[in-house]
Amino acid sequence: MTDQPASIKCQSKLSLRHCFMVILRFGKLAALLSILLLAVNLPVRADDGRFDGTVIFLRHALAPGNGDPANFNLKDCQTQRNLDETGRMQARGIGKRIAAANLNLAGVYSSEWCRCLETALLLDLGPVTPFSGLNSFYENHAPRDATLAKLQAKLDSLPRDGAPVIMVTHYVTIQAIANIAVPSGGAVLFDLATGYARELSLLAFSPAH
């Protein structure tokens, strides 16, 4: 096996120990670069329960399966992948967790997909506004670039120091905006002023509880 070049990066799957091996092999400059790259590339982990972002991106609650049926129709919930009872329980629990924080929400927005709308309604945090900028472009059911442009325009229109809003959406949307992968019912706090995003721990409302 040949040696790797001095530009080696500390990817998230590698350990700090590996980075220190780089230090020994390539010197102080490589050491500094490796540690900086480690900090950048480490996956974001669930933080504590503090609500300190402007936007709460919430992935819809548990809806068993992947994608949508071949006969998908946005106007017909029977043709979509939907929440099961566990997902509904999860959505109610998440709503209680957020309600307990007394956030004085400025609004609740949702993808037009039925599983997102049902999640948003079960949160019971106020009126839900369907918003196509939160729709899923997985399997090309919505145009990716146009959808993200619409979402970005919406984010740009929100006050940087205003009350937080909730946006119930999909894995691909959260991944595209915040570069964080979350499970069903997972949440990401997004700060409009800084662009900083972190995962919000809502583990207390997993189905096991």
Side-chain angles (χ1 to χ4, degrees), residues 42-63 82-136 147-209:
L42 278 175
V44 178
R45 296 187 178 184
D47 209 325
D48 57 36
R50 291 176 296 113
F51 293 91
D52 54 7
T54 319
V55 177
I56 301 172
F57 284 109
L58 178 68
R59 185 181 175 188
H60 62 77
L62 185 63
N82 296 306
L83 305 187
D84 63 4
E85 286 305 316
T86 300
R88 295 183 181 100
M89 180 181 70
Q90 183 186 37
R92 293 186 189 100
I94 292 170
K96 291 177 182 177
R97 171 70 176 88
I98 297 174
N102 297 315
L103 297 181
N104 189 29
L105 295 170
V108 179
Y109 298 88
S110 172
S111 157
E112 296 174 312
W113 263 240
C114 293
R115 56 183 174 270
C116 290
L117 287 168
E118 186 175 14
T119 297
L121 290 168
L122 289 172
L123 294 176
D124 195 23
L125 295 171
V128 175
T129 302
F131 176 53
S132 61
L134 293 169
N135 285 355
S136 174
T147 300
L148 290 176
K150 191 169 187 177
L151 175 54
Q152 188 60 59
K154 180 64 176 178
L155 295 175
D156 291 343
S157 74
L158 296 174
R160 295 301 184 259
D161 57 352
V165 301
I166 293 178
M167 294 189 170
V168 183
T169 185
H170 306 264
Y171 175 95
V172 291
T173 312
I174 297 173
Q175 177 74 30
I177 290 293
N179 195 30
I180 298 176
V182 294
S184 297
V188 167
L189 284 172
F190 185 80
D191 190 319
L192 291 171
T194 64
Y196 174 72
R198 69 173 178 86
E199 188 174 355
L200 172 65
S201 177
L202 295 170
L203 298 180
F205 298 99
S206 65
H209 294 74

I need the full list of side chain to side chain donor-acceptor pair (under 3.5 Å) pairs touching residues 98-109, with sequence neighbours left out, sorted by first then second residue.
Tyr109-Lys154
Please tell me if the side chains of Leu105 and Val165 come closer than 4.5 Å, counting only heavy atoms from C-beta onward.
no
Between the side chains of Ser111 and Asn135, does any donor sit under 3.5 Å from an acceptor?
yes
Are Thr119 and Leu83 packed together at the side-chain level, in the sense that at least one heavy-atom pair is separated by less than 4.5 angstrom?
yes
For Tyr196, does its backbone N or O pair with a side-chain atom of Arg198 as donor and acceptor, under 3.5 Å?
no
For Asp161, salt bridge (charged side-chain N to carboxylate O under 4.0 Å, His left out) partners two or more places apart:
none
Using distance only, find each side-chain donor-acceptor pair of residues 121-134 under 3.5 Å and give its atom names and separation, not counting sequence neighbours.
from	atom 1	to	atom 2	distance (Å)
Ser132	OG	Lys150	NZ	2.6

Can you pull the disulfide (SG to SG under 2.5 Å) pairs that have at least one residue in residues 83-112, sequence neighbours excluded?
none
What's the spacing between Leu200 CG and Leu189 CG if we round to 0.5 Å?
4.5 Å
How long is the gap from CD1 on Ile180 to OH on Tyr171, to the nearest 0.5 Å?
11.0 Å
Student check: side-chain heavy atoms of Met167 and Val55 closer than 4.5 Å
yes
Report the residues that fulfil side chain to side chain donor-acceptor pair (under 3.5 Å) with Arg115, sequence neighbours left out, ordered by chain and then residue number.
His60, Asp68
Taking every heavy atom of Ala61 against every heavy atom of Ser184, the minimum-distance pair comes out as C-CB, 3.9 Å
Check whether any side-chain heavy atom of Val188 sits under 4.5 Å from a side-chain heavy atom of Ile56, and report yes or no.
no
Out of curiosity, Arg59 CZ to Thr169 OG1, how far, rounded to the nearest 0.5 Å?
10.0 Å
Could you walk me through whether Gln175 and Asn179 pass the side chain to side chain contact (heavy atoms under 4.5 Å, CB included) test, one step at a time?
CA-CA 4 Å; Gln175 177 74 30; Asn179 195 30; 3.3 Å; yes
To the nearest 0.5 angstrom, please state how far the CG atom of Leu155 sits from the CZ atom of Phe190.
6.0 Å
To the nearest 0.5 Å, tell me how far Gln90 CD sits from Ile94 CD1.
4.5 Å
Atom of Leu58, atom of Gly185 and distance for their closest heavy-atom approach
CD1-O, 3.4 Å
To the closest 0.5 Å, what do you measure between OG1 (Thr54) and CG (Asp191)?
4.5 Å
Does any pair with a residue in residues 89-134 pass disulfide (SG to SG under 2.5 Å), and if so which ones, sequence neighbours excluded?
Cys77-Cys114
